[in-house]
Amino acid sequence: MNNLMKIILCFVAVSLLASCASIKETGKTIGHTTRDVTKKIGHASRDTVKAIGKETKEVVKDIKDDED
């Protein structure tokens, strides 16, 4: 192998490694963003269900109090 081919091969190898790191970082960013959005949706849903449950409980209590 001559020197020019070695240089080209090294350049190609470094380029591939750099692009793999870039792809990995992009995947990590997408994954973390998806996790954060999913967490926010889950927490909002949980809080809404709790609020509905609390209000329903109060309405049922008021109805029972009115019957007595």
Side-chain angles (χ1 to χ4, degrees):
M1 233 185 202
N2 64 26
N3 286 338
L4 180 60
M5 290 189 73
K6 288 180 184 178
I7 291 172
I8 291 172
L9 184 59
C10 286
F11 178 76
V12 169
V14 169
S15 296
L16 285 174
L17 289 175
S19 65
C20 288
S22 174
I23 291 169
K24 181 179 177 182
E25 186 62 33
T26 301
K28 185 177 178 183
T29 300
I30 291 170
H32 287 186
T33 302
T34 302
R35 177 199 63 200
D36 295 344
V37 169
T38 303
K39 187 188 294 184
K40 286 182 189 282
I41 291 170
H43 288 183
S45 299
R46 178 199 63 200
D47 295 344
T48 301
V49 169
K50 281 184 177 181
I52 291 170
K54 183 179 177 184
E55 294 297 322
T56 303
K57 190 175 183 179
E58 289 177 14
V59 168
V60 169
K61 182 180 177 213
D62 289 343
I63 292 171
K64 285 183 180 179
D65 289 346
D66 288 344
E67 288 178 352
D68 292 337

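- Contact check for Lys39 versus His43: side-chain heavy atoms found under the 4.5 Å cut-off.
- Atom CD of Glu58 and atom CD1 of Ile63 lie 12.0 Å apart (nearest 0.5 Å).
- The CG atom of Leu4 sits 11.5 Å away from atom NZ of Lys6, with the distance rounded to the nearest 0.5 Å.
- Here the shortest heavy-atom pairing between Leu16 and Ser19 reads O-OG, 2.9 Å.
- Val49 and Ile41 fall into different hydrophobic clusters, where Ile, Leu, Val, Met, Phe, Trp and Tyr are joined by side-chain heavy atoms under 4.5 Å apart, directly or via other members.
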